[in-house]
Structures are given as C-alpha cells and as structure tokens.
Amino acid sequence: MAAFLDIILPVFVVIGAGYAVVWLGWFKQAGVDGLIVFTQNFAIPCLLFTAISKLDLGQNFNLPLLFSFYAGAMTGFILGTLGARVIFGRNWADAVVIGFCCLFSNSLLLGLPITERAYGANALEANYAIIAMHSPFCYAVGITAMEIVRARGQGGGAVLRKVVAGMFSNALIIGIGLGFIVNLTGLPMPSPLEHGLDLIARAALPAALFGLGGVLVQYRPEGDLRIIIAVCAVSLLVHPAVTLGLSRTLDLPTSALRSAVITGAMAPGINAYIFANMYGAAQRVAASAVLIGTALSIVTAWLWLGVLP
C-alpha cells in the first residue's frame with residue numbers, strides 16, 4: 001500500500017488534475033493541444049537530448065537489457081497484430097495499429113516518473129537507454145509493417161523512403177540523435193545553453209502528465225471492448241512478464257531489471273493514438289486502449305512493483 005500511495009498515486013494525481021480541469025471547462029482544449037505540442041516537440045526532446053548526451057553508453061547500452069525489453073515489445077506487437085487479424089477479423093491496417101498499441105508502452109510519461117519515485121533519480125540510466133531506442137525501434141517496426149500492408153505491389157524503394165521520412169520527421173528521434181552525436185563526439189556544451197536546456201527538460205514530465213490527462217478527455221471507451229481488453233492484457237501483463245523472464249535468465253543487474261520491467265508494464269502511450277491517426281486506422285480502439293490501459297495501470301504497476309526485487 002505504501003508503494004501505491006507514495007509512488008504511483010502522485011503520478012496519477014497530476015494526470016487526474018489535467019483531466020478534471022479540462023472536463024470542468026477550466027482549461028480549454030486548445031490550451032491542452034498547445035501543451036502537448038510543447039512537451040512532445042520541445043520539452044521531451046530536450047529531456048532526451050540532455051539525458052543521452054551525458055549517459056554512460058558503455059555501461060548502460062548492453063544487449064541483455066535491450067534484448068529483454070524489446071523481445072517483450074515484439075512479442076506484444078506480434079500477438080496484437082495476429083490476434084486482431086485472426087481472432088477479431090480486423091483488416092491488416094487495423095491489425096498493424098492494434099499491434100502498435102501493444103508495442104508502444106508509455107515509457108516516458110508513466111515509466112520514467114514511476115521508476116524515479118520508486119527507486120530514485122539515480123535509477124533512471126537503464127530507463128534512458130531503453131527510451132533512446134524506443135521511438136526509433138517502435139516507429140521503424142510500425143511504419144515498416146504499415147507501409148508493407150499499404151504497398152500493394154509497390155517497390156521496396158518506395159516503402160523504404162516512406163519509413164525513413166516518417167522516422168526522421170519525429171522530434172523525439174531528432175532529440176535522441178543529437179544527444180548521441182554530442183555523447184559520442186565529446187562536443188562541449190556552452191554552460192548557458194546546457195542550463196537552459198535543463199530548465200526546459202525539468203518541465204517535460206509534469207507538463208506532459210498534466211497534458212496527458214487533458215487529452216484523455218477527448219477519448220471515449222468506444223469500439224470493440226474485447227479487443228481493447230486484449231490490448232490492455234498484452235501491454236500490462238504479457239510484455240512485462242516476457243521481459244522479467246528474460247531479464248532473470250540473462251542475469252541482469254537489479255536496477256536494469258527493475259527499469260526494464262516497469263517500462264514494459266506501462267499502458268499504451270499517446271503515440272499509439274498518434275500512429276492510428278497517421279494512418280486513419282483503428283482510431284477508436286487505440287484511443288480507448290490508451291484511456292482504459294492508463295486507468296488499469298494504476299493497479300498493475302502496483303502489482304509489478306510488489307513482484308520486483
């Protein structure tokens with residue numbers, strides 16, 4: 001109960017505050033849209049840039065950590081895509097979006113603050129290693145699968161161009177890439193610029209959590225309830241279970257195991273709905289999965305924290 005009250009509940013208080021003020025009409029939806037643009041296109045890329053530019057790549061970018069997390073993520077994508085197509089009879093475009101919902105856990109807005117509150121700011125290095133690969137990996141998988149489905153006989157070159165364009169127009173990926181450049185080259189950062197970026201980065205998580213609550217007001221639990229429940233089950237239970245099993249098999253350090261499992265146990269992120277909106281497929285299922293999965297993760301995150309060492 002202490003973990004629930006001290007670690008998880010404050011995160012959802014911020015989300016709930018954002019939801020409440022928008023639902024009551026005290027904060028306009030246009031303001032929420034602007035806040036989301038600020039966090040997604042500026043504050044979070046600054047957070048990722050500053051974190052990755054200072055990250056000890058040799059210590060944190062180890063294959064067992066990344067394999068444990070992303071094997072669980074790919075398991076979710078495969079189960080979600082094939083389940084949507086074979087069991088629920090959705091078309092292939094819808095199936096890819098539903099698979100993407102199972103693939104893209106909310107590593108930033110939920111995984112990062114919950115890990116920080118549970119284990120402290122010093123426990124986040126493995127989180128940043130996962131997050132550094134998260135958007136590039138997930139968008140590469142999702143965009144590639146969708147463009148193959150949509151290609152209908154087009155050449156492989158056209159598919160590749162669309163995949164590259166989709167990935168490298170993403171602000172998160174740009175922030176990550178610039179962070180790697182600074183890290184690997186040892187390029188010195190002027191002190192005023194570094195402190196300015198740190199100030200923007202500090203606003204990222206609280207503003208994004210508040211904005212997430214405001215965005216969720218727009219979502220309604222519509223669509224096929226059974227497939228939404230299936231998406232939530234894969235995201236909140238299957239992904240972290242696979243990651244936990246692999247982490248123990250590969251003998252990950254305790255701090256890395258915690259970060260990988262907690263990140264894998266998070267609900268589908270807003271990017272799942274953004275991806276659905278990009279392609280005009282399974283939008284209601286994606287929106288409902290974000291809303292319901294976020295609510296359910298209050299309980300499931302508590303349970304996973306109890307399982308972890």
Side-chain angles (χ1 to χ4, degrees), residues 66-111 130-131 133-149 166 212 216 219 221-247 260-301 303-304:
L66 298 177
F67 178 77
S68 298
F69 178 83
Y70 286 107
M74 277 304 298
T75 300
F77 179 75
I78 293 167
L79 289 176
T81 303
L82 295 181
R85 178 63 179 165
V86 176
I87 299 174
F88 297 102
R90 305 300 288 252
N91 62 51
W92 275 113
D94 281 1
V96 171
V97 168
I98 290 163
F100 191 87
C101 292
C102 299
L103 171 73
F104 205 110
S105 55
N106 200 335
S107 58
L108 271 171
L109 304 191
L110 295 180
I130 291 169
I131 291 169
M133 303 296 296
H134 199 222
S135 288
F137 178 87
C138 292
Y139 275 103
V141 171
I143 292 172
T144 301
M146 184 62 81
E147 293 302 335
I148 289 172
V149 165
L212 173 60
L216 291 177
Y219 297 164
E222 299 171 341
D224 191 327
L225 185 58
R226 293 185 306 153
I227 200 166
I228 294 166
I229 292 172
V231 169
C232 291
V234 172
S235 298
L236 302 177
L237 301 175
V238 175
H239 182 175
V242 172
T243 298
L244 178 60
L246 289 172
S247 297
V261 174
I262 291 173
T263 305
M266 295 300 102
I270 288 293
N271 282 285
Y273 179 72
I274 292 171
F275 184 80
N277 213 38
M278 281 171 54
Y279 289 104
Q283 289 155 295
R284 291 188 304 174
V285 172
S288 299
V290 171
L291 175 60
I292 295 173
T294 299
L296 290 176
S297 62
I298 297 175
V299 176
T300 57
L303 296 175
W304 282 111

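Numbers for residues simply follow the sequence, beginning at 1. All values derive from a computational prediction rather than experimental measurement.
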task: Could you give me the CA-CA distance, side-chain angles and deciding distance for Tyr279 and Ile143, then say whether side chain to side chain contact (heavy atoms under 4.5 Å, CB included) is met?
output: CA-CA 10 Å; Tyr279 289 104; Ile143 292 172; 3.7 Å; yes

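- One finds the SG atom of Cys102 at 11.5 Å from the CD1 atom of Ile78 (value rounded to the nearest 0.5 Å).
- Remark: Phe88 pairs with Arg90, Asp224, Arg226, Ile227, Ala230 by the side chain to side chain contact (heavy atoms under 4.5 Å, CB included) rule, at least two apart or across chains.
- Using a 4.5 Å heavy-atom cutoff, the side chains of Tyr70 and His134 are in contact.
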query: Checking side chain to side chain contact (heavy atoms under 4.5 Å, CB included) for the pair Ile131/Leu108: CA distance, chi angles, key distance, verdict?
result: CA-CA 7 Å; Ile131 291 169; Leu108 271 171; 4.0 Å; yes

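- For Phe77, there are no ring-ring contact (aromatic ring centres under 6.0 Å, His included) partners, not counting sequence neighbours.
- Under the rule for a side chain to side chain contact (heavy atoms under 4.5 Å, CB included), Ile87 has no partner lying at least two apart in sequence or in another chain.
- Here the CD1 atom belonging to Ile292 is positioned 12.0 Å from the OG atom belonging to Ser235, to the nearest 0.5 angstrom.
- One finds the CD1 atom of Ile262 at 11.0 Å from the CG atom of Leu244 (value rounded to the nearest 0.5 Å).
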- request: Dump the intermediate steps for side chain to side chain contact (heavy atoms under 4.5 Å, CB included) on Gln283 and Phe275, then the final yes or no.
  value: CA-CA 9 Å; Gln283 289 155 295; Phe275 184 80; over 6 Å; no

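- Minimum heavy-atom separation, Val231 to Ala289: CG1-CB, 3.8 Å.
- The shortest heavy-atom contact between Ala267 and Thr294 is CB-N, 3.4 Å.
- The shortest heavy-atom contact between Ala286 and Ala276 is CB-CB, 3.8 Å.
- Rounding to the nearest 0.5 Å gives a distance of 9.0 Å between CG of Leu237 and CG of Leu303.
- When all heavy atoms of Ala282 and Ile98 are compared, the closest pair comes out as CB-CG1, 4.2 Å.
- Here the side chains of Tyr139 and Thr144 are not in contact, with every heavy-atom distance at 4.5 Å or above.
- For the residue pair Ser297 and Leu236, the shortest heavy atom distance occurs at CB-CD2, 4.0 Å.
- Between Ala71 and Leu246, the closest heavy-atom pair is CB-CD1, 3.5 Å.
- A 4.5 Å side-chain heavy-atom check between Val261 and Trp304 finds at least one atom pair inside the cut-off.
- Here salt bridge (charged side-chain N to carboxylate O under 4.0 Å, His left out) pairs that include residues 67-80, with residues two or more places apart or in two chains, number zero.
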- request: Would you please test Leu66 and Phe137 for side chain to side chain contact (heavy atoms under 4.5 Å, CB included) and show each step?
  value: CA-CA 11 Å; Leu66 298 177; Phe137 178 87; over 6 Å; no

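- In this structure, Leu110 CG and Met266 CE are separated by 6.0 Å, a value rounded to the nearest 0.5 Å.
- Here the OG1 atom belonging to Thr243 is positioned 8.0 Å from the CD1 atom belonging to Ile130, to the nearest 0.5 angstrom.
- Using a 4.5 Å heavy-atom cutoff, the side chains of Asp94 and Arg85 are not in contact.
- With sequence neighbours left out, His239 forms a ring-ring contact (aromatic ring centres under 6.0 Å, His included) with Phe69.
- Listed by chain and residue number, nothing satisfies the side chain to side chain contact (heavy atoms under 4.5 Å, CB included) test with Ala295 (two or more places apart in sequence, or in another chain).
- Residues Tyr273 and Arg284 have side chains not in contact (no heavy-atom distance under 4.5 Å, counting atoms from C-beta outward).
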